[in-house]
Amino acid sequence: MHAHRVFESILQREDPRVSLTQDGSSLRSSTGKRYFAKIGSAAERDQFVGEAESLKAIDRAAPGLAPKLVDCGVIDSDSKERDSDVGRPYFLSEYKDIGSLTSSAAKVLGKRLATELHAYKSPQGVFGFHVPTYCGQTRQDNGWYETWPECYDALVGGLVDKLKARGGFDSLCKQVQEIRERVIPGLLGPLVIEPVLLHGDLWSGNTGVDRSTGAPIIFDPSSYFGHNEADLAIGRMFGGLSESFYTAYHEYLPKSEPQEQYGLRQELYQLYHYLNHTVLFGGAYAGGARQKADRLLQETSGI
């Protein structure tokens with residue numbers, strides 16, 4: 001199958017003689033290299049940019065931990081194959097043949113997150129990200145915040161706005177409003193932390209191993225600079241990452257103080273993902289979000 005002209009023009013900058021064949025989202029060059037390529041609709045431009053900027057940041061923090069971005073942009077009149085291509089975003093990265101994360105690779109992933117990704121601090125010492133990112137299909141507007149409670153409240157608030165727009169979640173939104181007013185300041189306000197780079201959607205389905213090396217790989221990021229523990233929460237949901245990952249991680253990066261509130265902070269960070277799944281998939285996840293909110297409100301009543 002013929003590869004789109006935009007990808008040929010990118011790779012021919014380095015080698016004008018290179019030619020490409022395409023099989024789905026996989027490109028193979030005449031040099032033998034493989035790439036992952038996709039073209040979206042004009043409406044998906046921000047989503048492509050968010051993933052690209054996330055991968056660039058991860059590569060700076062932890063080279064080789066995620067697929068390396070080659071290029072991302074918008075098709076113009078010079079790179080189009082047809083008029084309808086103009087304005088559509090494209091994305092090109094190295095290709096990784098990814099298998100399931102093994103227990104031994106999970107330990108390596110835990111160490112690399114603790115010592116590299118979560119050691120990479122926000123250049124300006126603020127929380128957030130410079131472009132919108134997407135957790136699944138959900139847009140995170142991001143921006144910059146001086147404090148972690150402000151940043152996390154904005155993330156949660158964005159989901160509440162989406163739930164209100166959908167309708168039918170009034171009681172859940174009321175619970176979350178109380179969490180925003182009392183629990184987020186109470187649990188996150190006392191933390192003494194620096195903003196570090198997060199993957200943003202680190203569930204088991206976004207991790208794996210490079211079959212050619214056995215090294216751990218993470219992908220499909222929705223990055224921002226935040227509290228490192230926020231990256232650990234979804235990994236305990238939906239099948240979850242192995243306990244060897246968490247054990248290795250905390251060998252290199254201990255739980256934040258107060259450590260006795262670590263479990264409650266994990267519950268609070270998981271609430272974001274329950275709310276996001278309610279936004280994405282509807283009422284089937286609303287019950288889990290309500291239970292999580294109930295527990296947080298009960299357990300933090302004295303804070």
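Sequential numbering from 1 along the given sequence is applied to the chain's residues.
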**OP:** Please list, chain by chain and in numerical order, all residues satisfying ring-ring contact (aromatic ring centres under 6.0 Å, His included) with Tyr145, sequence neighbours excluded.
**Re:** none
Original post:
Below 4.0 angstrom, N of the basic side chain to O of the carboxylate: do Arg5 and Glu8 qualify?
Top reply: no
Subject >> Aromatic ring pairing Trp203/Phe238, orientation class (parallel under 30°, perpendicular over 60°, tilted between) >> reply: perpendicular
Subject >> Residue Glu260 excluded, over 12 heavy atoms near CD under 6.0 Å >> reply: yes
Original post:
Are His4 and Asp85 linked by a side-chain donor-acceptor pair shorter than 3.5 Å?
Top reply: yes
Original post:
Within a reach of under 6.0 Å around NZ of Lys162, are more than 12 heavy atoms found that belong to other residues, nucleotides or ligands?
Top reply: yes
Subject >> Candidates Asp231, Leu188, Ile234 - the one meeting side chain to side chain contact (heavy atoms under 4.5 Å, CB included) with Tyr269 >> reply: Leu188
**OP:** Would you verify whether the NZ or CZ of Arg236 falls within 45 degrees of the ring axis of Tyr246 while also being under 6.0 Å from that six-membered ring's centre?
**Re:** yes
Original post:
Take atom CD in Gln259; do more than 12 heavy atoms of anything else shown fall under 6.0 Å from it?
Top reply: yes
Original post:
Does a sphere of radius 6.0 Å around CD in Gln177 hold more than 12 heavy atoms from other residues, nucleotides or ligands, not counting ones at 6.0 Å or beyond?
Top reply: yes
Original post:
Heavy atoms, side chains only, cut-off 4.5 Å: are Val86 and Asp76 in contact?
Top reply: no
**OP:** Verify the neighbour count for atom CD of Gln12: are there more than 12 heavy atoms of other residues, nucleotides or ligands below 6.0 Å?
**Re:** yes
Original post:
Do Tyr90 and Val18 belong to the same hydrophobic cluster, where Ile, Leu, Val, Met, Phe, Trp and Tyr are linked whenever their side-chain heavy atoms lie under 4.5 Å apart, directly or via other members?
Top reply: yes
Subject >> Ionic contact status for Lys292 with Glu267, cut-off 4.0 Å >> reply: yes
Original post:
Would one find more than 12 heavy atoms of other residues, nucleotides or ligands at under 6.0 Å from atom CZ of Arg139?
Top reply: yes
Original post:
Quick one: do the Ser256 and Glu229 side chains pair a donor with an acceptor below 3.5 Å?
Top reply: yes
**OP:** List in chain and number order the residues that pass salt bridge (charged side-chain N to carboxylate O under 4.0 Å, His left out) with Glu51, two or more places apart in sequence or in another chain; answer none if no residue qualifies.
**Re:** Lys38
Original post:
Are any of the side-chain heavy atoms of Val74 and Arg88 separated by less than 4.5 Å?
Top reply: no
Original post:
Yes or no on side chain to side chain contact (heavy atoms under 4.5 Å, CB included) for Leu92 and Leu27, after CA distance, side-chain angles and deciding distance?
Top reply: CA-CA 9 Å; Leu92 184 66; Leu27 296 184; 3.8 Å; yes
Original post:
What do you reckon, is CZ of Arg13 surrounded by more than 12 foreign heavy atoms closer than 6.0 Å?
Top reply: yes
